[in-house]
Amino acid sequence: MNNQKVGILGGGQLGRMMIEAASRLNLQVTILDAPIDSPAKQIESTQPHIQGAFNDATKIRELASQVDILTVEIEHVDAGVLAAIETEGKVRVCPSAFTVKTIQDKYNQKKHLESFGIPVAEYVEIADAEALKEAGKKFGYPLMLKSKTMAYDGKGNYVVKNEGEVEKAVEALSKTPLYAEKWAPFVKELAVMVVRRANGEILSYPVVETIHKNSICHLVIAPAQIDGAVATKAQKVAENAIKSFPGAGIFGVEMFVMANGEILLNEIAPRPHNSGHYTIEACETSQYENHMRAILDMPLGSTAMKVPASIMVNILGSNTDMTECYKPCQEALLVDGATIHLYGKKECRAGRKMGHITLVGESMMQVQKNLKPILEAMEPGVE
Ligand code: ATP
Ligand code: MG
Ligand code: MG
């Protein structure tokens, strides 16, 4: 349907689901990732994929030489080489090297958002334990110490409960540059996927609620069961935030809702996002398909939900044994409206995202009821 070839930096589950969407449209996608059998490469045998790290400049160059458009499924890539490729002008970079570079450093991301008037929790750069003690005096405790770079799934976050934990916290995150955030005593976490077509058109998906466990996304409830005015505000904050970043593609926007209805933006992902997996079964057009349409400058599909209610649950490894992950899946086989997605990852580890299950139904009550046996199979005895 489109002669332009797409190259993706990263071949994990997000790349895999992009390939699923692309293959239905006969789009040509090449993956750059180290494993020869990464989740995305496994399901696309028509293209010659590249074996190498998605932050290796030479390998990114090799990928660029084979495609018309470069995009990412992870922001922790070499943004410098993307900028050089963009300047040369032969290959388009989506969303853009500037956007990936700004977002991959969460401190710079916050500075950027603040300069555009987007509400964020107070934050300050942290050079050492002394600086963190100063931050503690200013923000109070608990506060969140965060790695500026290479953060994902809460790795890079440290909840500092009191001044006595300052040294331990700085030591624990010593591998990366740091900043601290004032604690946000949110009542709910929300997320919105926003997509921008290469021609500038912007659409957003419904507001969803995300529930995290140990800083890792556990459930996504779509649509969020919140006051309509709060949802409208969250959608507006998300759209305004994305308007401040140049480039085409899909973005995930994570937010906190405070008790007074105030919205704070937590962070942005310049790519498909875990909180948008539900769009595959629950929306007219999935986040993955719309990402492909957006970067290829094809008409965007409707972002509306086509079912009244949906919940997604992540399947995380509990140890090295994959059989634990199959238990909720076996249960899901018996549940109407449940779709299982396993990512084909060869190594199972505690806390690693190995798959997810999306349920759709006629009402949120029905979906919650159908989810129960699946959660029970995942964690017996835990509600
Ligand atoms: P992701 O996997 O989404 O990229 P991450 O590792 O970049 O996550 P964050 O999104 O910064 O980490 O934080 C993870 C979770 O920690 C948040 O979803 C939220 O539950 C909690 N959290 C983060 N910042 C704060 C804060 N300032 N106050 C309270 N809780 C917070
Ligand atoms: Mg993050
Ligand atoms: Mg996050």
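Predicted, not measured: the structure shown is a model, and the values here were computed from it. Computed from heavy atoms alone, side chains included, the values below leave out hydrogens, waters and symmetry copies. We count ligands from 1, going down the list as the structure has it; atoms in each ligand are counted the same way.
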Tell me whether [X] is salt-bridged to [Y], with the criterion being a basic N under 4.0 Å from an acidic carboxylate O.
{"X": "Asp153", "Y": "Lys353", "value": "yes"}
{"X": "Glu209", "Y": "Lys188", "value": "yes"}
{"X": "Lys213", "Y": "Glu379", "value": "yes"}

Going by atom types alone, do [X] and [Y] pair a side-chain donor with an acceptor below 3.5 Å?
{"X": "Asn274", "Y": "Asn314", "value": "yes"}
{"X": "His341", "Y": "Glu20", "value": "no"}
{"X": "Glu114", "Y": "Tyr123", "value": "yes"}
{"X": "Thr102", "Y": "Gln109", "value": "no"}
{"X": "Gln13", "Y": "His277", "value": "no"}
{"X": "Tyr343", "Y": "His356", "value": "yes"}

Nearest to [atom], what protein heavy atom do you find, and at what distance?
{"atom": "atom 24 (N) of ligand 1", "value": "Lys146 NZ, 3.0 Å"}
{"atom": "atom 2 (O) of ligand 1", "value": "Asp153 N, 2.6 Å"}
{"atom": "atom 8 (O) of ligand 1", "value": "Glu267 OE2, 3.2 Å"}
{"atom": "atom 17 (C) of ligand 1", "value": "Glu189 OE1, 3.4 Å"}

Can you find a non-hydrogen atom of Ala121 under 4.0 Å from ligand 1? no
Within ligand 1, which atoms have a heavy atom of [X] less than 4.0 Å away?
{"X": "His212", "answer": "18 (O)"}
{"X": "Tyr152", "answer": "2 (O), 4 (O), 6 (O)"}
{"X": "Asn157", "answer": "9 (P), 11 (O), 12 (O), 13 (O), 14 (C), 16 (O)"}
{"X": "Gly154", "answer": "5 (P), 6 (O), 8 (O)"}
{"X": "Lys182", "answer": "27 (N)"}
{"X": "Glu254", "answer": "3 (O), 10 (O)"}
{"X": "Ser215", "answer": "15 (C), 16 (O)"}
{"X": "Ala184", "answer": "26 (C), 27 (N), 28 (N), 29 (C)"}

For His273, is at least one N or O under 3.5 Å away from an N or O on ligand 1?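 No, there is no polar N/O contact under 3.5 Å.
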Between Trp183 and ligand 1, is there a nitrogen or oxygen pair with a distance under 3.5 Å? no
N/O/S from Glu267 sitting under 2.8 Å away from the Mg ion (ligand 2): yes
Nearest to the Mg ion (ligand 3) - the N/O/S atom of Glu254, by atom name: OE1
Name the option, out of Met144, Glu181, Lys106, that contains the heavy atom nearest to atom 7 (O) of ligand 1. Lys106
Give the intermediate values and the outcome of side-chain contact (heavy atoms from CB on, under 4.5 Å) for residues His218 and His212. CA-CA 5 Å; His218 171 49; His212 291 74; 6.0 Å; no
Hydrophobic clusters here meaning ILVMFWY residues chained together by side-chain heavy-atom distances under 4.5 Å, can you tell me if Val160 and Leu178 are in one? yes
Measure Asn274 to ligand 1 on non-hydrogen atoms and call it side chain, backbone, both or neither using the 4.0 Å cut-off. neither
